[in-house]
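As the structure lists them, so they are numbered: ligands from 1, and atoms in each ligand from 1.
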Amino acid sequence: MPHAQQRLYWADEVPVGWTGTWPSELQTIPERTAYARTMTSVQLLEWITALKAKTDRLHVVNMFTSPMRKVAPAMVLSNPRVTSAQQARTSGKPVVFLFGNIHPPEPEAAEALLMVARDLTIGSRQQLLANQIVIIAPIFNVDGTDTLVAQDGSLGSETPHILGVRENAGGLDLNRDAVKLQTVEANGLYRLLNEWDPVLLLDGHLMSRVTHGYANTYGTTTVPAAAPGPRDYTHDTLFPAVREKVRKEFGLEVFTHALFTPNTWPPASWSHDRAAWTVEAKFIVNDYGLRNRLAIITETPGQPTFEKRIYAQYAYINALLDYTNANAKQVQAVVKAADDKTVADVQAQAESGTLRNWLDGKYESRGKIDVYGYRSNVAEYKPGTSILGTRPGTASGPPELVNVDDLTRPVGTRDAVVPRGYAFPGAMADLAAKLRAHNIRVQALEAPMRVEGESFRIKAVRKVRSGGYDMTTLDGEFGALETRELPAGMFYLDMAQPMANAAFYYLEPQARDGFIGWGVLDEALKALTGSGGPAPYPIFKVRRVLR
Ligand SMILES: [Zn+2]
């Protein structure tokens, strides 16, 4: 693997021999098939079994057993080996979590992750385990991965020839389940995240046919309610450093996860919205930012070959791990500062009602930037076949630079007071369980508690179609501060905890896509409002505890 690349690789180009030489049992399925195939979940297990026999730096945990009764392994890579989250904490090293195949038709990150695991344990990048523990879950959506279909090139490239499907066995998109945690898969993932507490999470995707000129693109949390410290650090410090490293060491140009708009030449803007990246918490990466942690989504363009897309994910992940290994203490400090500030702000400002946070947001301009693009990218059937390809002369070779408006800066648009705590009836044990699944501390009151606070008065419950889902929306308003006696057995969520930003976003009645939006409270609302009429919102906002 050459370092200090002099040249840049565009379109399908990759460096010769970039994967290195490996014994057959440690070659990935793409390597064994000239990049015509991707792995199934059984082939992943076979590969992990082979790696286990060659290294003492690997521990495997199963995140869950899927509805189709398949396991989802996560490889814990560390030197020396750790076999529990407790050992990881004792080591003082940060945990970095990388996963693939949340969308199985986008398998390049999954395949790259095996190569990364190989490099870190027995290959040329073992030094990347010096200061960090790396957890790799190559296949998150195992059932979708094993539900194979022959593809026709419509994602952009004809390789691999056979692919999994996007949804899980229940037909659900796992990258819309981050708030409601409806699926076995998301709950299993969150159990691992709660236990191991990674400082950084990376989720690898593909963006289908695009007209930008980048080999890979990246984005971070854009939920405006997320603590600004970790996301600003990711955007302002980590992203430029990793981008530079990918260019210098791997010869690739990478940039923000966005698309041109309008889709004509020359485009005017470079837009997160256009790439279906919203300020909502439904995406795993966006939601992870509500935990005061670093979170990154990568999206390769669809039209390069499978080999190039794997190389692009491999390059980005290696450069990222190089960065986190070199800056492990700094990343830990950023995360800890965000945790400490979240708690301190609640303690200092919540009782006076001066602490506020965002319920919704939108993207604004960061200013004009130069972006690599192609004038067109035209899909057409390859002559003599029934397979879609890219028309020669479009979206290939070195791209052009175009000056556009960078519409990727998330800003808040509506806000609300952050309370000192939230209280809800003891009968709502499902809500307490849902909060705990998100790592939010909530407890049943052992004795009555007198509090001052505010109650939201629901005027109407509506369903609004948004992003392909029927989202619940509440009309209404908060009443004046009132004194209440909360009985023993009622649930109380003390907001002086690092997960306060997430708790606020999930529980506020008018958050863009919290528990109300995703229907988590639909049953409770039906009991209260009947056909959707006026009723008090069942979750009381506690301004202060009266002793
Ligand atoms: Zn995807």
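Counting non-hydrogen atoms of neighbouring residues, nucleotides and ligands closer than 6.0 angstrom, the CZ atom of R37 reaches no more than 12 such neighbours.
Remark: the backbone N or O of E280 is paired with a side-chain donor or acceptor of N286 at under 3.5 angstrom. Under the 3.5 Å distance criterion, the side-chain polar atoms of D360 are left unmatched by any main-chain donor or acceptor of A511.
For the Zn ion (ligand 1), the nearby protein N/O/S atoms, meaning those under 2.8 Å, are H103 ND1, E106 OE1, E106 OE2, H205 ND1.
In this structure, CG on N327 lies 5.0 Å from OH on Y233, to the nearest 0.5 angstrom.
Looking at D405 and K368, no side-chain N of the basic residue comes within less than 4.0 Å of a carboxylate O on the acidic one, giving no salt bridge.
In the model, Y314 has a side-chain atom that pairs as donor or acceptor with a side-chain atom of D119 under 3.5 Å.
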